[in-house]
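Worth saying up front: this structure is predicted, and the values here are computed from it rather than measured.
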Amino acid sequence: MSDCIFCKIVAGAIPCRKVYEDEDVLAFHDIHPVAPVHFMIVPKLHVASLDTCDTGHQALLGKILLLAPRLAREQGLTDGFRTIINTGRGGGQEVFHLHVHVIGGGNPRPM
Ligand code: AMP
Ligand code: ZN
């Protein structure tokens with residue numbers, strides 16, 4: 001198995017607090033939440049970052065983004081949420097398996 005921690009979570013080798021799963025994606029709560037609600041949506045396919053995506057990933061990226069509002073609502077974020085995709089070391093990415101953070105329920109600082 002790959003050394004990628006999110007691939008291990010997708011494979012069930014490392015436990016997670018699951019939010020949603022289908023054949024293409026898994027969503028689970030962040031282990032170090034920065035707000036009352038903080039989960040991530042990840043493709044089951046290993047993709048290192050947004051920077052390594054191409055047009056072949058278009059449908060997958062669209063699916064993940066469209067899932068964000070639906071799952072956010074299901075997690076109680078009826079008033080909105082923040083999405084973050086950290087890309088590369090310069091973007092603060094720590095886990096090199098593409099993921100979209102969905103964050104809410106607190107007092108977001110203006111960006
Ligand atoms: P990023 O900085 O965008 O790469 O974010 C990686 C995120 O993964 C961080 O917010 C971590 O708290 C989170 N994380 C790392 N390991 C785990 C894990 N085993 N389960 C859930 N979240 C994790
Ligand atoms: Zn991976």
Side-chain angles (χ1 to χ4, degrees):
M1 179 178 297
S2 105
D3 267 350
C4 171
I5 188 164
F6 286 0
C7 279
K8 287 181 177 164
I9 290 174
V10 165
I14 292 178
C16 71
R17 286 178 54 223
K18 192 191 295 183
V19 168
Y20 172 84
E21 180 172 19
D22 67 24
E23 66 275 22
D24 301 314
V25 305
L26 177 69
F28 53 93
H29 291 282
D30 198 293
I31 206 165
H32 294 127
V34 299
V37 176
H38 181 179
F39 63 90
M40 288 172 291
I41 311 174
V42 315
K44 288 191 168 178
L45 179 77
H46 179 85
V47 182
S49 80
L50 197 56
D51 210 21
T52 61
C53 287
D54 56 32
T55 52
H57 300 99
Q58 203 162 295
L60 187 59
L61 290 169
K63 178 171 184 170
I64 288 171
L65 281 183
L66 287 172
L67 264 172
R70 177 183 143 194
L71 300 184
R73 225 177 292 114
E74 286 175 10
Q75 292 298 312
L77 300 178
T78 53
D79 195 31
F81 57 91
R82 175 169 280 169
T83 44
I84 296 177
I85 306 174
N86 295 323
T87 303
R89 302 232 176 262
Q93 186 174 5
E94 289 179 310
V95 175
F96 281 77
H97 179 128
L98 179 68
H99 52 280
V100 176
H101 295 264
V102 180
I103 296 163
N107 287 309
R109 270 185 285 164
M111 296 186 81

J.: The criterion is side-chain hydrogen bond (donor to acceptor under 3.5 Å, both in side chains); which residues satisfy it with R70, sequence neighbours excluded?
T.: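 For R70, the residues satisfying side-chain hydrogen bond (donor to acceptor under 3.5 Å, both in side chains) (neighbours in sequence not counted) are E74.
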
J.: Taking all heavy atoms of D24 and all of D22, pick out the closest pair and write down the distance.
T.: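 In this case the closest contact between D24 and D22 is N-OD1, 2.8 Å.
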
J.: Kindly say whether C53 contributes a backbone atom to a donor-acceptor pair with the side chain of H57 at under 3.5 angstrom?
T.: no

J.: Atom CD1 of I5 and atom CZ of F96: how far apart are they, to the nearest 0.5 Å?
T.: 14.0 Å

J.: Is the NZ atom of K63 crowded by more than 12 outside heavy atoms at less than 6.0 Å?
T.: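 Result for NZ/K63: enclosed.
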
J.: To the closest 0.5 Å, what do you measure between NZ (K18) and CG (L26)?
T.: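 Interatomic distance, K18 NZ to L26 CG, rounded to 0.5 Å: 6.5 Å.
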
J.: Starting from V95, can I reach I9 by hopping between I/L/V/M/F/W/Y residues whose side chains sit under 4.5 Å apart?
T.: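 Linked within one cluster.
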
J.: Taking everything shown except D79 itself, do over 12 heavy atoms lie less than 6.0 Å from its CG?
T.: no

J.: Hey, could you give me the CD1/OG1 distance between I103 and T83, rounded to the nearest 0.5 Å?
T.: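 That separation rounds to 8.5 Å.
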
J.: So, does K44 use its side chain to make a donor-acceptor pair with the main chain of E21 at under 3.5 Å?
T.: no

J.: Got a second to check how far D3's CG is from K8's NZ, nearest 0.5 Å?
T.: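 Result: 5.0 Å between the selected atoms.
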
J.: So which heavy atom on P108 is nearest to which on G106, and how close?
T.: CD-O, 3.4 Å

J.: Does a sphere of radius 6.0 Å around CG in D51 hold more than 12 heavy atoms from other residues, nucleotides or ligands, not counting ones at 6.0 Å or beyond?
T.: no

J.: Hydrophobic side-chain clustering at under 4.5 Å (ILVMFWY, transitive links): who's grouped with I41? Put none if nobody.
T.: V19, Y20, V25, V37, F39, L45, V47, L50, L60, L61, I64, L67, L71, L77, F81, I85, L98, V100, V102

J.: Let me see the working for H99 and H101 under ring-ring contact (aromatic ring centres under 6.0 Å, His included), right down to the final yes or no.
T.: CA-CA 6 Å; H99 52 280; H101 295 264; 5.0 Å; yes

J.: Under a 4.0 Å threshold between the charged nitrogen and the carboxylate oxygen, would E94 count as salt-bridged to R89?
T.: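 Salt bridge: no.
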
J.: Quick one: are C16 and H29 in side-chain contact, heavy atoms under 4.5 Å?
T.: no

J.: Work out which heavy atom in S49 is nearest to a heavy atom in Q93; give both atom names and the distance.
T.: CB-OE1, 3.3 Å

J.: Determine the minimum heavy-atom distance between S2 and C7, stating which atoms define it.
T.: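 Answer, listing the atom of S2 first, then C7: OG-CB, 3.8 Å.
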
J.: Following the transitive rule for hydrophobic clusters with a side-chain heavy-atom cut-off under 4.5 Å over Ile, Leu, Val, Met, Phe, Trp and Tyr, establish whether I14 and M40 coincide in one cluster.
T.: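 In one cluster with I14: M40, yes.
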
J.: To the closest 0.5 Å, what do you measure between SG (C4) and NE2 (H97)?
T.: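 Here the rounded value is 5.5 Å.
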
